[in-house]
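Note that the structure is a prediction, hence the values are computed from the model and not measured. One is the number of the first residue; the rest follow in order along the sequence.
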Amino acid sequence: MSTLPPPAHPDASPLGKPVAYAEHYDPSLLFPILRQGKRDELGLAAGSLPFVGEDVWNAYELSWLNPRGKPEVAVARFVFPADSPCLVESKSLKLYLNAFNQTPVASADALAGMLAADLSAAAGAPVAVTVEPLSARPQRDTGYPEGVLLDSQDIAIDRYTPAPELLRADTAAPAVSETLYSHLLKSNCLVTGQPDWAMLVVRYRGAPIDREGLLRYIVSFRRHNEFHEQCVERVFTDILARCRPAELCVWARYTRRGGLDINPCRRTPGLPPPPLLAEIRQ
């Protein structure tokens, strides 16, 4: 069995580089990246994060050989805890999963065990894995948040790099509990600059957040280069600092790339995770 590489800088990842696809199982293809580097930019100290949460990945291109050489196909879900030391770079995960294409595995359960062991080693914390063969007819629910869509506001926008100063809350007004969401989040890959698209949802309890300012802020990520998980942590941290809600949950549903979609969620401790409804573009 190959050993996993140590966490490294994103520029050293396979992103944006020609890479030959491996045909057999090779966990060394996984490329872990320390989360703390970007958290330092946000002033988040290791061991005292203001949030809990997870990154839920859905994989749609998963295949292996059964013991008789017949291909099996499945979908899978990976749940990385937000407090894991590392995230896993997405292209490396795609390469790793494709390396199972010519690899004999005894069963879907055995494959899930291999995936859990390797992803947990890469992340530095336990990763929950579910593998569902298509023969079992797995389903995924699609829906919209039960809240207010911000995108119908007729406003002029001219800020396309993160502008947390646009965020404000009316502290003189009574506290509210509400969910606000937008389909207009677009950021770019930290390494390649390729566009990433998502629905962003903000659920909070506290002074009413100015909706125009929030939409302007969301759109301000349009030219920003950062991984999905890092963008959601930046949004959470900025809203918490600028609007000071008593409770806050921020999550995103990013569209699929390379057979994977990524769904980070960050929330104040004690709040439950949101429902795992897929966004229509996923």
Side-chain angles (χ1 to χ4, degrees), residues 1-8 12-33 54-81 84 86-142 189 192 194 196 227-229 253-264 276 278-279 281-282:
M1 180 182 295
S2 301
T3 57
L4 292 165
S13 79
L15 272 173
K17 303 179 181 70
V19 179
Y21 278 84
E23 289 193 340
H24 298 282
Y25 170 64
D26 184 359
S28 72
L29 293 168
L30 292 168
F31 190 90
I33 297 172
E54 55 283 313
D55 306 323
V56 180
W57 297 52
N58 294 293
Y60 304 94
E61 300 174 7
L62 180 60
S63 184
W64 66 99
L65 302 180
N66 73 12
R68 301 187 66 186
K70 179 184 175 182
E72 303 284 350
V73 290
V75 292
R77 174 169 292 165
F78 315 129
V79 182
F80 293 81
S84 64
C86 296
L87 56 83
V88 175
E89 188 278 312
S90 60
K91 184 176 180 180
S92 78
L93 181 52
K94 175 185 176 182
L95 294 170
Y96 163 76
L97 294 178
N98 274 283
F100 282 94
N101 290 345
Q102 293 299 121
T103 300
V105 181
S107 65
D109 288 343
L111 177 63
M114 296 170 71
L115 295 170
D118 293 340
L119 294 176
S120 298
V127 175
V129 173
T130 303
V131 174
E132 296 181 283
L134 294 189
S135 58
R137 298 186 176 184
Q139 303 292 320
R140 187 175 179 196
D141 294 329
T142 300
C189 173
T192 67
Q194 292 295 307
D196 296 316
F227 290 142
H228 305 4
E229 302 92 334
R253 300 283 180 257
Y254 277 90
T255 59
R256 195 180 309 183
R257 179 187 288 179
L260 299 165
D261 68 47
I262 304 175
N263 306 273
L276 280 175
E279 204 256 3
R281 294 175 293 176
Q282 293 183 315

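Between atom CE of residue M114 and atom OH of residue Y25 there is a gap of 4.5 Å, rounded to the nearest 0.5 Å. Atoms CG and CG, from N98 and L29 in turn, are 10.0 Å apart once rounded to the nearest 0.5 Å. For the atom pair CZ (R256) and CD (E61), the distance works out to 8.0 Å, reported to the nearest 0.5 Å. If you take OH on Y254 and CG on N58, they are separated by 15.5 Å, rounding to the nearest 0.5 Å. Distance check, rounded to the nearest 0.5 Å: OG1 of T255 to CZ of R281 gives 6.5 Å. For the atom pair H228 NE2 and I262 CD1, the distance stands at 4.0 Å (nearest 0.5 Å).
Judged purely by atom type and a 3.5 angstrom limit, S92 has no side-chain atom pairing as donor or acceptor with the backbone of V88. Between the side chain of H24 and the main chain of Q102, a donor-acceptor pair closer than 3.5 Å is present. Judged purely by atom type and a 3.5 angstrom limit, S84 has no side-chain atom pairing as donor or acceptor with the backbone of A125. Formation of a donor-acceptor pair under 3.5 Å by the S120 side chain with backbone atoms of A116 is found in this model. With hydrogens and angles ignored, the 3.5 Å screen pairs a side-chain donor or acceptor of S63 with a backbone N or O of E72. A donor-acceptor pair under 3.5 Å is absent between the side-chain atoms of E23 and the main chain of N101, judged by distance alone. Within the 3.5 Å criterion, the main-chain N or O of K91 finds a donor-acceptor partner in the side chain of E89.
Contact annotation: the side chain of L87 never approaches that of P32 to less than 4.5 Å [non-hydrogen atoms, C-beta and beyond]. Side-chain contact between V56 and R77 is present, with at least one heavy-atom pair separated by less than 4.5 Å. You'll find the side chain of C189 reaches within 4.5 Å of the side chain of F227, heavy atoms only. You'll find the side chain of V105 stays beyond 4.5 Å of the side chain of L65, heavy atoms only.
The pair R253-D261 fails the salt-bridge criterion, with no side-chain N (NZ, NE, NH1 or NH2) lying under 4.0 Å from an Asp/Glu carboxylate O.
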- Message: I'd like to know whether L97 forms a side chain to side chain contact (heavy atoms under 4.5 Å, CB included) with L115, so could you lay out the CA-CA distance, the side-chain angles of the two residues, the decisive distance to 0.1 Å, and finally the verdict.
- Response: CA-CA 9 Å; L97 294 178; L115 295 170; 3.8 Å; yes

- Task: Starting from the C-alpha separation in whole Å, work towards a yes-or-no answer on side chain to side chain contact (heavy atoms under 4.5 Å, CB included) for V75 and L62.
- Result: CA-CA 6 Å; V75 292; L62 180 60; over 6 Å; no

- For L30 and L95, what are the C-alpha separation, side-chain angles and deciding distance, and is it a side chain to side chain contact (heavy atoms under 4.5 Å, CB included)? CA-CA 8 Å; L30 292 168; L95 294 170; over 6 Å; no

- Item | Residues V79, D55; criterion side chain to side chain contact (heavy atoms under 4.5 Å, CB included); working and verdict | CA-CA 6 Å; V79 182; D55 306 323; over 6 Å; no

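With no hydrogens or angles considered, no side-chain donor-acceptor pair links Q194 and R257 at under 3.5 Å. Judged purely by distance below 3.5 Å, without hydrogens or angles, the side chains of D118 and Y96 pair a donor atom with an acceptor atom. At a cut-off of 3.5 Å, with distance as the only test, no side-chain donor of S107 or D109 sits close to an acceptor on the other residue. Looking only at atom types and distance, the side chain of N263 has a donor-acceptor partner in the side chain of Q282 under 3.5 Å away.
Note: W57 and F80 have tilted aromatic rings, judged against thresholds of 30 and 60 degrees for the angle between ring planes.
Taking each heavy atom of P81 and P126 in turn, the nearest pair found is CD-O, 3.2 Å.
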